[in-house]
Every structure is written in C-alpha cells, then in structure tokens.
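This report concerns only the one structure given below.
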Amino acid sequence: MKDIIQNIIEKTLKGLHLPVPGFSVDYPKNQKFGDFSSNVSLLLSKELKRNPREIAEELLPKLSGEKCFSKVEIAGAGFLNFFVADSFYREILKDILNKKESYGRLDINKGKTADLEWVSANPTGPLHAGHGRQVCLGKAIANLLEWTGYDLTREYYYNDAGNQMNNLAKSVYARYMQKFDPDFPFPDDGYAGDYIKEIAEEIYNEKKNSLKDSEDISYFKKKGEESNFNRIKNTLAKFGIQHNVFFSETALYKNGDIEKLLKLFEDKGASRVEEGATWLIMDKDRFQKDKVIVKATGEPTYRLPDMAYHINKVNREFDLMVDIFGSDHGDTYKEVLYGMELAGYETQNIKVIIHQMVTFKMGEESVKMSKRSDNVYYLDDLIDDVGVDATQLFFVMRSANTHLDFDIELAKDRSDKNPVYYLQYAHARICGIFRNAEENIKDFNEEYLSKEYVISEPEALELIKVLSKFPEEVKSSYEVLEPHKLIYYLNSVAEMFHKFYHNNRIINLEDMDRTYARLQVCESAKKVLKNGFSIIGISAPERM
RNA sequence: GCGCCCGUAGCUCAGUUGGAUAGAGCAACAGCCUUCUAAGCUGUGGGUCGAAUGUUCGAAUCAUUCCGGGCGUACCA
C-alpha cells in the first residue's frame, strides 16, 4: 500500500515537472493525521527554497483526484495526510481470505538460496540456558528468510579438532577410571557436569574394564561427542529445529582446505612466521595487531579453519549467508572476514548477527551458568521450567543487540502478567468463536468466506487496517533480520482484535449477514496471528 | 588504553535510513463479567530520552566530548 502511494506521488510530481526527492510515506502516530502521510513537500522546500505548504497546495488537487483516497489534507509544516477509502479495506479482507496460510509470504527472494549458520556449540556438553537466545533467535530468522522466498539451508558448524574435544575425552576417561579408582585425578580444566559421568557409565556398561588404563582415549572422545550431540539435537528438536547440515572442522583438514588456505596466504605474502608461529598480517587501521593462525605447536588457531569454512560456504554459491554469534565473538568474525578478503574472496553476501548476553533472574536471584561448575542451568531445565513457547518468545522479544534480562518467574507465570498469553489468547479466543459458530449456526460451512458483506464497525475497520500491514511488517523485519519487530506488530493485532471482540458480539442469529461479515474479520485476524506465530516460532493454541 | 554494544516511565523494554503531543507490558490506582474464554476491555497517575555542545525548518534518532554498564582485546573456541 505504501508503495502504491509512493508511486502516485511520484507520478504527480512528474506531471507538475517537479524534481523527485527521496521522500517517505509513513503511518502517522496520530489517527487524525490520516492513514498515511508523506514528508515530500518538506523535502522539496529544501531543494526549491520555497515554502513547504505552498508546494503542498500545488500537489493537493491532483492527489485528491485519486480514487483510493477518501480525503487528502495538508497539515503542520506541510505534511500531506492521506485518508484511505473504505473500499480499500474490503479488498484487503478478500486478499487475506484468499491467501490464507500464505498471506504475508513474499517472493522478493524467490529463486535465491540462503544459508543460516547458528547454534554451532561444540559437542562438549548439553546446551545451557544462555545458548537459548541464539537457538530461538536463529529459529525465527530462519523462518523469516523462508517467508521472503529463500530456499534455506540450516547449518551447524562445530570445532571437533581442537583442545576442547581433547578435554572432553580426558574428562570422560577420568570419570571412567574413577569407576575403578575413586581417587583417579580429574583434569583441572575438565568438564564437571554430571552428563560426563553418564557417558562414562555407558562406556563402562558396554566395555566393562577392557579400556582400563588405555593409552588411546579416542574412543572416549568419540562416545562423548556422540552422546553430547544427541543431547543437543534432542534439545533443538523440542523447538522443532532440524539443521540440514552439520559441518565438522575435521572435514576441512581431511579435504586439504586448511592447508591450501595457509599456502595461499604464504604465496600472497599475507602471512609471516615469527617465534615458530604463523601470523596473518592485518590492516593496522582496522586491527590492533597481527593474529596467529598457526601456533608454534603446529596446530592452527580457530581462525584458520573458520576462514576455510566460510570460504567453503562462499564456494557453495549461496546468495546470502547469515551467521549468528554471541557478543563474545564480536571481534573475531571481523578477523575471519578480513582473512577471506586477503585470500581473495568476496564477503559482501555474508551477514553477521551479534547478540548480547543473557542474564537469568529467578525473582531477585540471578542464575549462574558456568560450564565448569556442575551446577549449570541447562536449556532443557529452562524449557521444563517455563515451556517451549515462553522460552521462544522471551528470547526473540527483544532486539538482539541489547542485553537481555530473562525473568524466569515471569515466563513461568500462567497469568495475565505473562506476555506470551496475550498473543496466544487472541488466537484461542477466535477459535472459541468458531466452535460456537459450528454449534449454533445451522448448516455452518465455509461458503460465507467467499461472499462480500458490508463491514461498518469502526473496530473492524481498524483491525483490517492493522492486518493489511502484515506483509510490510514481514518485509521490514526481514530487512534488518530482527524478528522482535514482528512480535510488537502481532501484539497490535491481538490488541485490535480484543477491542473488536469486546465491543461487538460476533455471532448474532438474528442478523446473519452481520454475523458472517464479522466472522470474515475474525478469520482473517486468525490467519495473520497464526502466520505471524509460525514465523516467530510459537504455537497457535486452539484453546487455553 | 583500544574496539564493538548498550543507557528511554518505579521495573523489563519498543521507538534510532532526522518528522507532528516519546510508546508498550508489568507494578500502582479507579471502573467493566445473567451474553461467543475477564489469560480480556476502559480510564488515571508516572519522563531533564545518561550529560553537554554542535548540525537545521525540526534531534530520543546524526556528529563530537564526557559519565556509567556489558563483552572483547589469547600461540582458548
């Protein structure tokens, strides 16, 4: 709709031989300023050095002639305010009822491919509650990408070649050995969680004492990785998340990519050797100092495989690649991208989303999440405490780049305090109305959906106006990859529906035309809520 | 020290490609259930948008400086 108005204004400007500035069409905050407003004459006044109201007066007669407006006004310093004709809203309603589950789906990225990499926790243990932010954010962004038409690959990259996995192996081995000798030393930097004991227990049950005092602990690594991955995948499954690709760092060693990249840096003179380590030469304007890519021990640091991994992705020719990282990786991804540029690869199709950390609060108490202690608040614990939907909504509700305070007591609360229920209740309420319709209206069937009725209730028109914004909201949420915007929008849908419901009895057997008209409005609100929920990743309950 | 992010109502946060009277939820207070779910609706109170200066028709939004908080600044990932 905004686009339509934008086009009309452009057409009018050209008709009057005026320049076309980069003006905007917006929804005004205050209703008395109409359904849409534009700052076009203010911008023109700057360019033409003329009074903005004067310019607006000149545009007005042409714009008022357009049939989709009931009224066009000049206000304030020279804003143009547009009032949309009622017939427009009936068209919107028809559109929603036709498109149903696909209302809001866009084709702006049809035929393009995208890759979203997220979670990517190393399989050294179960996901903890802090991972939840990334898990849920990624889930919503994945949906958002698909709703704009992308053919999406969901990807999980894990480092299984470094120290952390050796630590895992040592930790499992120590727990296994403690079955025989309770005093067997546990490594200082080992993983203390109980799940390690469980893995050791499994190995013991399977192998008994046959691995006792073994030199080669690779079996412990393999079992540990397997078991931890199962836990992680199991947790992700609770959110309905299934990655298409699990990409292992080891694969990059096996196929020679890492060696190739190192050679490439050497040939280009982009690296140097000092004190036995290989350093990548960084641009001093952007980075403080050079970075080690191969340690003196001969092992690469995480940077080199990360670069090789992203080059691998670029070579798979996605139109868009999105990575989601926590703020602790805020600087390192820049190094990785810079490294890729040095190697001669384009990075402009890679978008990186950085999210800030999460603090969990249980009432006044804050909950700790240290991996080293065995008193960890796992993501599974959080789901058990507050449920999948509340977890998803709470994590996605805020913009990614601000710190998040997760109030567990509030999320757990099954009352009106909890924002999850406000949204879901609107959907459940509509379902209740349809249950009522099926029971009380003789021969109730869906034929009424294709008929045209008069809609006159002001709340209904307001509601339809809000519903008409849904596709634009999906688009603007997509453009910045910030699904929380959609939640605020859906909140306004729920709010307008509740007002409509409160002031108008939907089903009135005395006046079936009006009943059907209102049911059409309910049906379209239900579709927008359901479609919106499916993007942000929460369920649409039929009853509550 | 340097880099990135943040500072908006008592609390948690929207709003930041410059636009009209700065919003929501919770908390506080006052109303609305013989009618499709009151997990709802209606109303009241609550603000130096961290501070200052600048840019201009106009600044929560942009620039500079300062103050306060988080993360990073590894031959950890």
Side-chain angles (χ1 to χ4, degrees), chain A residues 22 24 26 28-30 32-33 37 39 42-43 45-46 51-52 75-79 81 120-122 124 158-159 161-165 167 189 249 274-279 286-289 291-303 305-306 326-332 334 354-357 359 361 394 397-407 410 413-426 428-437 439-440 479-480 484-485 487-488 491-492 494-495 497-499 501-508 515 518 522 543-544:
Chain A
S24 67
D26 289 306
K29 286 174 197 162
N30 193 320
K32 76 177 180 201
F33 297 130
S37 82
N39 60 353
L42 282 91
L43 293 170
S45 86
K46 199 175 255 180
N51 186 324
F79 285 98
N81 295 335
S120 296
N122 292 340
T124 56
Y158 59 102
N159 299 103
N163 261 329
Q164 297 193 4
M165 296 308 288
N167 247 332
D189 49 358
E249 181 187 356
E274 188 183 309
E275 294 169 12
T278 307
W279 299 70
R286 287 163 62 191
F287 301 93
Q288 293 176 52
K289 50 184 179 183
K291 301 287 176 183
V292 172
I293 49 175
V294 181
K295 300 185 226 173
T297 56
E299 282 183 304
T301 61
Y302 69 93
R303 290 184 190 94
D306 266 21
S327 66
D328 50 343
H329 289 244
D331 284 342
T332 63
K334 289 176 193 156
I354 299 289
H355 65 83
Q356 302 300 314
M357 295 300 170
T359 318
K361 282 195 180 137
F394 271 66
M397 203 164 44
R398 306 302 185 203
S399 95
N401 60 4
T402 81
H403 286 260
L404 177 64
D405 267 331
F406 195 116
D407 188 333
L410 179 61
D413 201 337
R414 296 187 56 82
S415 81
D416 58 346
K417 284 180 194 168
N418 193 326
V420 183
Y421 299 117
Y422 185 77
L423 289 173
Q424 294 188 325
Y425 179 56
R429 224 178 191 185
I430 296 174
C431 293
I433 294 167
F434 283 105
R435 281 193 295 273
N436 180 289
E439 272 171 38
N440 294 307
E479 280 165 349
V480 286
H484 77 274
K485 286 176 185 290
I487 296 179
Y488 279 82
N491 222 46
S492 70
E495 186 185 344
F497 169 73
H498 285 310
K499 280 181 190 170
Y501 171 93
H502 187 262
N503 292 331
N504 303 282
R505 190 174 163 90
I506 312 296
I507 295 171
N508 174 6
T515 296
R518 290 174 175 174
C522 288
R543 55 180 89 226
M544 286 170 71

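Labels below follow one simple rule: chain letters A, B, ... track the order of the sequence lines, proteins then strands, and each chain is numbered from 1.
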Does [X] have any salt bridge (charged side-chain N to carboxylate O under 4.0 Å, His left out) partners at least two apart in sequence or in another chain, and if so, which?
| X | answer |
| --- | --- |
| A:R303 | A:E335 |
| A:D416 | none |
| A:R518 | A:E457 |
| A:K295 | A:E299 |

Would you please name every residue forming a side chain to side chain contact (heavy atoms under 4.5 Å, CB included) with A:T402, sequence neighbours left out?
A:S399
Among all residues two or more places apart in sequence or in another chain, which pass the side chain to side chain contact (heavy atoms under 4.5 Å, CB included) test with A:E479?
A:K475, A:S476
So if I take every side-chain heavy atom of A:D405 and compare against B:C2, B:C13, B:C76, which nucleotide ends up nearest?
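Taking heavy atoms from C-beta onward, the closest nucleotide is B:C13.
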Tell me whether the side-chain N or O atoms of A:Y421 pair up with the base of B:A39 as donor and acceptor below 3.5 Å, since no angle test is needed here.
no
Who pairs with A:H498 by ring pair (Phe, Tyr, Trp, His ring centres under 6.0 Å), at least two apart in sequence or on another chain?
A:Y422, A:Y425
Checking A:Y488 now: which residues fulfil ring pair (Phe, Tyr, Trp, His ring centres under 6.0 Å) with it, not counting sequence neighbours?
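Testing A:Y488 for ring pair (Phe, Tyr, Trp, His ring centres under 6.0 Å), a comparison that skips the adjacent residues, returns none.
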On a whole-Å scale, what distance lies between the P atoms belonging to B:C2 and B:G46?
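Here B:C2 and B:G46 have their P atoms 42 Å from each other.
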Could you tell me how far B:C4 sits from B:G47 if I compare only their P atoms? Round to whole Å.
35 Å
Using the 3.5 Å cut-off, write out each protein N or O paired with an N or O of nucleotides 5-7 of chain B and the distance between them.
| residue | atom | partner | partner atom | Å |
| --- | --- | --- | --- | --- |
| B:C5 | O2' | A:Q356 | NE2 | 3.4 |
| B:C5 | O2' | A:N401 | O | 2.6 |

Glycosidic torsion of B:C33 (syn if within 90° of 0, anti otherwise) classifies it as syn
Taking only residues two or more places apart in sequence or in another chain, which ones pass side-chain hydrogen bond (donor to acceptor under 3.5 Å, both in side chains) with A:N436?
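Only A:N440 meet the side-chain hydrogen bond (donor to acceptor under 3.5 Å, both in side chains) criterion with A:N436.
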Per-nucleotide pairing state of RNA chain B [Watson-Crick or G-U, under 3.5 Å; [ ] pseudoknot-crossing; | other strand]:
(((((((..((((.....[...)))).(((((.......))))).....(((((..]....))))))))))))....
Got a donor-acceptor contact below 3.5 angstrom from the A:D413 side chain to the A:N418 backbone?
no
Could you list, one pair per line, each protein nitrogen or oxygen that sits under 3.5 Å from a nitrogen or oxygen of nucleotides 21-25 of chain B, together with the distance?
| residue | atom | partner | partner atom | Å |
| --- | --- | --- | --- | --- |
| B:U21 | O4 | A:N30 | ND2 | 3.3 |
| B:U21 | O4 | A:K32 | NZ | 2.6 |

